[in-house]
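To start, the structure itself, in structure tokens.
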Amino acid sequence: MELQDPGTDLPFRPGKIVCIGRNYAKHIEELNNERPSSPVIFLKPSSSLVRNGGICVIPTQSQDVHHEVELVCLIGKTGKNIPKASAMEHIKAFAVGLDFTARDLQSTAKEKGLPWSVAKGFDTFAPIGDFADAADIEDPQQLSIKLFKNDELVQDGHCSHMLWPIDDLIETVSAVFTLEEGDLLFTGTPAGVGPVAKGDLLKAVIDGLPELQISIA
Ligand code: ZN
């Protein structure tokens, strides 16, 4: 699909990056988090984006950067207060993404009740793969989602296990932020998150979507 943005190496002009935390029960359990009563929403800056084949740089401020593989939606039609029933019409494409997280900084922030912007927002903390046209994905809730670290399967989930499916997320998120063309929605990670180290090669795979490969520096 053509979303070329002249002047940058991105195939589109990225808007805001909206992310969902705690959207898979087993991941909530592995981090001993409370199950939320509504989706946990946070933002990443567009400067954290990296494309397929790129590098994630471990920042000096963290000793514990974790991988989180996620299904990512590209918004193609702007909307506010989008009802669940028409939510999927606002998605132009899907991609595989990684929501890198400085877990040590996030844990400190959580203890103090402070925002996650730093823990989630470093440069290169939001790699995304090439897009697949939404029209070619029959049911995005019926996709398996996997992450291999140096060829070892470390995350193995299924999009049907989301606590809030994509249409619910779009309804909830768009009641807060206008979702604009070019925005990205990261839909949360299944269980199996863990640390990355310099030299690791990550391969993120979702059925029917172009694979995402990222190396760690
Ligand atoms: Zn995440």
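Whatever order the structure lists ligands and atoms in, that order sets their numbers, starting from 1. These figures come from a predicted structure and were not determined experimentally.
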Practice item. Find, among atoms of E68 that are N, O or S, the one nearest to the Zn ion (ligand 1), and state its name. Key: OE1
Check your understanding: How about N81: does its CG atom have over 12 heavy atoms from other parts shown lying under 6.0 Å from it?
Key -> yes
Check your understanding: Any chance NZ of K26 has more than 12 other-residue heavy atoms, nucleotides or ligands included, within less than 6.0 Å?
Key -> no
Practice item. Could you note down all residue pairs passing ring-ring contact (aromatic ring centres under 6.0 Å, His included) where residues 79-125 supplies at least one of them, sequence neighbours left out? Key: F42-W116, F122-F125
Practice item. Would you name the N/O/S atom of E70 that lies closest to the Zn ion (ligand 1)? Key: OE2
**Study point:** Shortest-distance N, O or S atom of D99 relative to the Zn ion (ligand 1)
**Key:** OD2
Check your understanding: Can V57 be reached from L201 by stepping across I, L, V, M, F, W or Y side chains whose heavy atoms are under 4.5 Å apart?
Key -> no
